[in-house]
Asker: 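Quick one: the structure is below, questions incoming.
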Amino acid sequence: MSRLYGDPIEVWTRDGEPTQFVWRDRLYLVRNVLDHWVVAREWWKTGEGDPGERQFWRVEASPGREPGSYELRYDTASNGWLLLRAWD
């Protein structure tokens with residue numbers, strides 16, 4: 001089962017992939033990238049130079065020993081990250 005959140009998070013990347021993130025004051029280490037996809041929508045564009053893209057990452061990560069699956073979203077226009085979904 002998954003839960004939807006949409007919480008802003010701080011993310012560290014290496015070679016364009018998330019390596020760790022902070023969610024609700026806890027540091028999560030990304031153990032594995034499970035999937036990555038890009039969605040572009042005309043209505044997401046905020047200006048002339050904005051491609052209107054959102055990058056999505058499904059990762060296996062954990063703040064300790066037990067990993068979970070998380071869906072992260074990167075917004076190219078705002079340069080911000082969200083934690084969208086977490087699986088139990």
Asker: My understanding is that only residues two or more places apart in sequence, or in another chain, count here; which of them pass side chain to side chain contact (heavy atoms under 4.5 Å, CB included) with Asn32?
Answerer: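 Only Leu34, Glu60 meet the side chain to side chain contact (heavy atoms under 4.5 Å, CB included) criterion with Asn32.
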Asker: Mind checking what makes salt bridge (Lys or Arg N to Asp or Glu O under 4.0 Å) contact with Arg26, not counting sequence neighbours?
Answerer: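 Salt bridge (Lys or Arg N to Asp or Glu O under 4.0 Å) list for Arg26, sorted by chain: empty.
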Asker: Identify the heavy atoms of Leu72 and Ile9 that sit nearest to each other, and give their distance.
Answerer: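 Closest approach of Leu72 to Ile9, heavy atoms only: CD2-CD1, 3.7 Å.
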Asker: Within the structure provided, determine whether Asp35 and Trp57 are in side-chain contact (heavy-atom separation under 4.5 Å).
Answerer: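 Result no, sub-4.5 Å side-chain heavy-atom pair not found.
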Asker: Less than 3.5 Å apart, which donor and acceptor atoms pair up between the side chains of residues 79-87 and the rest of the protein, not counting sequence neighbours?
Answerer:
residue	atom	partner	partner atom	Å
Asn79	OD1	Tyr74	OH	2.3
Arg85	NH1	Ser2	OG	3.1

Asker: For the CD atom of Gln55 and the CZ atom of Arg73, what is their distance to the nearest 0.5 Å?
Answerer: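 The CD atom of Gln55 sits 11.5 Å away from the CZ atom of Arg73.
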Asker: On the 0 to 90° scale, with breaks at 30° and 60°, tag the Trp23-Tyr28 ring pair as parallel, tilted or perpendicular.
Answerer: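 Ring orientation, 0 to 90° scale: tilted.
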Asker: Check side chain to side chain contact (heavy atoms under 4.5 Å, CB included) between Gln20 and all other residues, then give those that pass, not counting sequence neighbours.
Answerer: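 Result, side chain to side chain contact (heavy atoms under 4.5 Å, CB included) vs Gln20: Trp12, Leu27, Leu29.
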Asker: Give the minimum heavy-atom separation between Ala61 and Phe21, together with the two atoms involved.
Answerer: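 Reported closest heavy-atom pair: CB-CE2, 3.8 Å.
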Asker: By side chain to side chain contact (heavy atoms under 4.5 Å, CB included), which residues pair with Arg24, not counting sequence neighbours?
Answerer: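 Testing Arg24 for side chain to side chain contact (heavy atoms under 4.5 Å, CB included), a comparison that skips the adjacent residues, returns Tyr5, Asp7.
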Asker: Once side-chain hydrogen bond (donor to acceptor under 3.5 Å, both in side chains) is applied, do any residues pair with Ser62, and if so which ones, sequence neighbours excluded?
Answerer: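 With neighbours one apart ignored, the set is Arg31.
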Asker: For the CD atom of Glu17 and the OG1 atom of Thr19, what is their distance to the nearest 0.5 Å?
Answerer: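 Reported to 0.5 Å precision, the distance equals 9.5 Å.
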